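First the structure, in the form of structure tokens, and then the observations on it.
By convention in this document, chain letters (A, B, ...) are assigned in the order of the sequence lines, proteins followed by strands, and residues within each chain are numbered from 1. These numbers were taken from a predicted model, which means no experiment stands behind them.
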There are 2 protein chains.
Amino acid sequence: MDHLDRKILAIVQRDCASKAEAIAETVGLSASAVQRRLRALRSAGVIRAEVAVIDPKAIAGTMTFIAGLEIERENYGALQKLRRWAEGCDHVQQLYYVTGGFDLVAIILASDVEAYDMIAAALMRDNPLIRRMTTNVVLRAEKVGLEVPLAEE
Amino acid sequence: MDHLDRKILAIVQRDCASKAEAIAETVGLSASAVQRRLRALRSAGVIRAEVAVIDPKAIAGTMTFIAGLEIERENYGALQKLRRWAEGCDHVQQLYYVTGGFDLVAIILASDVEAYDMIAAALMRDNPLIRRMTTNVVLRAEKVGLEVPLAEE
DNA sequence: CCTGAAAAGAACTTTCT
DNA sequence: AGAAAGTTCTTTTCAGG
């Protein structure tokens, strides 16, 4: 993991369909070298996945909700169960275990408020450790991304 | 946008490095047809981008913060300025304009608490409309993704 | 209009220096 | 790491439903 790797990462985390030759030109390397580094980054797990980002607007009925969860006590066993629950639920996009006003924050997608209510109800039913759930409805996603800020050399 | 497109999307939003032939086999189409559909989905904007997901743990010092913002009034002009600010700040990963307890929710990455504090201070300095900022520190990201739930036919 | 199959082109992988 | 040969994937083209 040197400066060149970071430069390559900075590019592919915005567009992983970039051709190796194009990347090579901007980082000042040969195409072969770029591919080797990319392969190494993949197998090392630095590049976790390469995914297509779909515009939620293109999918009929996708609303975003941000839920702050407060739990009974920091019960780690139940927390793990909740984690698995979220893993198995496609509607739960993101789940963060936090410290602050809430214990957990979840980003949930649903076709409408009714569908969200059903997901939220199921979530609370299956995870009794959840004491309180505060929901914010997303009116507009101003920025959505998972890019990691990479300090340039 | 038919059932086959949705099937293709369901695959590439998890792995856009999949070969067309592999996709073709699972959706029951030829490789050519898959590529044509992928190209159409790209130019139609359904596929917004294809990105590499980087493991934040691999990057030295990446902490995640979730900030709930309360603003003075729903001042749309200032909001747009805030949106541009977020767009230009690599540390702001996500920004949602919401209704509920907060007005906006931001997901911010920083190398440590000090760095976060500087970003937060700059954010409030440059955007006087922000009245209050409630931060939750992410102890662990249980699930992180941008996958859209695609109802199967 | 969209599919599938084959030819042409481009990209990636491997090997060697 | 870079360059060239070999392999694989993608793109184009064309015939058919």
How would you give the extent of chain A contacts on DNA chain D, as first and last nucleotide 5' to 3' within a 4.0 Å heavy-atom cut-off?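 Span of nucleotides near chain A: D/dA1 to D/dA4.
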Any side-chain heavy-atom pair of A/Met63 and A/Val137 under 4.5 Å: yes
Given DNA chain D, 5'-ward residue of the pair A/Arg37 and A/Ser32, judged by closest heavy atom: A/Arg37
Tell me which nucleotide among C/dA5, C/dC12, C/dT14 gets nearest to the side chain of A/Gln35. C/dC12
Flag the pair A/Asp126 and A/Arg84 as a salt bridge only when some basic side-chain nitrogen lies within less than 4.0 angstrom of an acidic carboxylate oxygen. no
Evaluate B/Leu129 against B/Lys81 for side chain to side chain contact (heavy atoms under 4.5 Å, CB included), listing each step before the verdict. CA-CA 10 Å; B/Leu129 87 159; B/Lys81 188 186 152 197; over 6 Å; no
Please determine whether the number of non-hydrogen atoms from other residues, nucleotides or ligands lying under 6.0 Å from atom CD of A/Glu70 exceeds 12.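 Buried by this count: over 12 neighbours within 6.0 Å.
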Can I get a per-line list of side-chain donor-acceptor pairs under 3.5 Å for residues 46-61 of chain B, giving both atom names and the distance, sequence neighbours left out?
from    : atom 1 : to      : atom 2 : distance (Å)
B/Glu50 : OE1    : B/Arg42 : NH1    : 3.0
B/Glu50 : OE2    : B/Arg42 : NH1    : 2.8
B/Asp55 : OD1    : B/Lys57 : N      : 3.0

Quick one: label A/Ala31 by what it contacts on the DNA or RNA (base, sugar-phosphate, nothing), any heavy atom closer than 4.0 Å.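 No contact at all - A/Ala31 keeps every heavy atom at 4.0 Å or more from the nucleic acid.
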Can you tell me how far CG of A/Leu82 sits from CD of A/Glu87, rounded to the nearest 0.5 angstrom?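 Answer rounded to 0.5 Å: 11.0 Å.
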If you find the nucleotide of DNA chain C closest to A/Glu21 and the one closest to B/Leu29, which residue's nucleotide is nearer the 5' end? B/Leu29
Using whole Å, what does the distance between atom P of nucleotide C/dG4 and atom CZ of B/Arg36 come to? 8 Å
